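Let me begin by presenting the structure, written as structure tokens, before commenting on it.
Computed from a predicted model, the values in this text were never measured in an experiment. Throughout, a chain's letter reflects where its sequence line sits, starting with A, and its residues are numbered from 1.
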Number of protein chains: 2
Amino acid sequence: MKSNRPVPDRLLDAAASLFAREGYDAVSVRQITSRAKANLGAITYHFGSKEALFHAVIDRVGAHLAERFAEIAGGKGTPLERIRGIVTMVLSEPNLPAPAMILRELATDRPLPPPLVALMRRNLGEVMSLIREGQADGSIRAGDPALFAMSVMAQPFLLRMASRIPRDIAGVMHDDPDTHRALVKHVVTTITRSLAS
Amino acid sequence: MKSNRPVPDRLLDAAASLFAREGYDAVSVRQITSRAKANLGAITYHFGSKEALFHAVIDRVGAHLAERFAEIAGGKGTPLERIRGIVTMVLSEPNLPAPAMILRELATDRPLPPPLVALMRRNLGEVMSLIREGQADGSIRAGDPALFAMSVMAQPFLLRMASRIPRDIAGVMHDDPDTHRALVKHVVTTITRSLAS
DNA sequence: TTAGACTTCATACGTATGTATGAATATTGT
DNA sequence: ACAATATTCATACATACGTATGAAGTCTAA
């Protein structure tokens with residue numbers, strides 16, 4: 001029952017999940033093509049190079065993340081409620097490889113893939129807008145929106161990237177739905193306390 | 001004017017700074033030995049393998065981090081003040097490659113180097129003890145110390161690992177001492193608000 | 001049906017990697 | 001001083017990598 005999806009899509013799928021789990025350097029084109037049930041030459045043929053495939057992956061998972069961000073940011077509710085929605089989404093969305101890939105890339109000194117800075121700028125900017133909105137109506141306390149936005153997103157992004165921290169280190173079994181809910185609730189509460197005036 | 005420090009130390013130095021900047025996979029033994037002004041075989045001879053050198057590096061930078069943690073945790077001041085001290089230290093200590101190396105390693109699905117889990121457990125445990133202490137005397141609000149500890153350390157660790165987030169993305173020039181101080185102050189304030197009862 | 005383009009495939013190429021080898025050189029203990 | 005040990009060094013080795021090549025196969029349009 002081999003899939004009949006187009007080869008480029010299969011390559012993107014395989015690459016996204018491998019890059020998210022292992023990182024760019026640790027994944028070989030042979031792993032990707034074999035997982036995608038494609039030929040070794042398929043990456044070169046359809047994308048040009050491994051790096052070009054990586055950028056395409058970033059574009060795709062980044063677009064997905066940005067979509068969810070925009071959807072919630074443009075939704076209903078107070079600014080604070082929408083920020084809480086974004087945080088919850090980042091922590092809970094089932095398939096969301098973007099945060100791990102982005103943060104890992106940000107952690108190096110190598111030049112950033114072009115799409116990546118723009119993506120993060122846009123997402124953080126979305127949060128900053130919500131913060132400004134809340135400051136305008138008095139529901140969010142005064143302070144530099146950029147600093148607030150970083151503070152707010154640091155927890156969910158880091159926990160999303162390194163889910164072993166709760167699981168293996170802090171002894172929080174967030175695989176269990178109830179405990180995961182408790183974790184999300186805690187993060188949301190924490191963030192609310194730091195923002196609400 | 002070549003340094004006369006012992007070769008193993010030079011290898012550890014070179015490896016620590018390269019691993020911290022680029023990550024394990026992206027650094028070759030040839031880069032390390034050449035930077036350490038040692039022969040290509042030096043890593044095999046003194047450590048056995050590249051991976052063993054990596055573990056030694058983790059041990060060393062981890063010990064440094066743990067020392068600073070313990071020093072501040074065992075110092076004077078209220079529990080909250082000591083937590084603030086740890087956070088400030090992680091954000092400001094000039095040479096602290098541990099957070100970046102640790103987080104990057106935690107971000108993969110590969111098995112963790114043995115020293116690493118223990119190290120993180122110990123450090124997070126230190127923070128948890130402070131939180132319990134503060135809860136006992138009523139200065140820190142009630143709640144799961146493990147969740148609190150993760151929330152508290154997420155910001156400084158992430159900002160330490162990906163200093164490009166403030167610099168390149170949020171537009172916060174934290175290279176400038178004043179702005180860096182503002183960033184630290186903001187993080188400390190945020191954390192205080194989430195902990196203080 | 002058949003020409004032309006598109007896609008797959010096996011294989012080859014050059015390079016970089018981590019490690020092994022064994023001779024040369026330093027260092028140490030007596 | 002000398003024997004034994006410890007370290008350095010150049011080089012070799014096997015393997016894995018990303019990419020290139022060109023033949024084989026498949027699909028599309030007339």
Produce the list of close N/O pairs, under 3.5 Å, pairing protein atoms with atoms of nucleotides 8-16 of chain D; give distances to one decimal.
from	atom 1	to	atom 2	distance (Å)
dT8(D)	OP2	H46(B)	NE2	2.8

Could you state the [atom1]-[atom2] distance from [X] to [N], rounded to the nearest angstrom?
{"X": "Q31(A)", "N": "dC17(D)", "atom1": "CD", "atom2": "P", "answer": "7 Å"}
{"X": "F54(A)", "N": "dC17(D)", "atom1": "CZ", "atom2": "P", "answer": "17 Å"}
{"X": "D25(A)", "N": "dA16(C)", "atom1": "CG", "atom2": "P", "answer": "15 Å"}
{"X": "I43(B)", "N": "dT7(D)", "atom1": "CD1", "atom2": "P", "answer": "16 Å"}
{"X": "K50(A)", "N": "dA20(D)", "atom1": "NZ", "atom2": "C1'", "answer": "17 Å"}
{"X": "L18(B)", "N": "dT17(C)", "atom1": "CG", "atom2": "P", "answer": "12 Å"}
{"X": "D9(A)", "N": "dT7(C)", "atom1": "CG", "atom2": "P", "answer": "13 Å"}
{"X": "E51(B)", "N": "dT17(C)", "atom1": "CD", "atom2": "C1'", "answer": "15 Å"}

Cationic N near anionic O, under 4.0 Å, [X] to [Y]:
{"X": "D137(A)", "Y": "R132(A)", "answer": "no"}
{"X": "E133(A)", "Y": "R82(A)", "answer": "yes"}
{"X": "R5(B)", "Y": "D13(B)", "answer": "yes"}

* Asked: Within the distance-only criterion (no hydrogens, no angle test), does the side chain of K37(A) pair as donor or acceptor with the backbone N or O of V7(A) below 3.5 angstrom?
  -> no

* To do: List for me each residue that meets side-chain hydrogen bond (donor to acceptor under 3.5 Å, both in side chains) alongside R141(B), sequence neighbours excluded, and say none if there are none.
  => none

* Asked: Are a donor atom and an acceptor atom from the side chains of R35(B) and S17(B) found within less than 3.5 Å of each other?
  -> yes

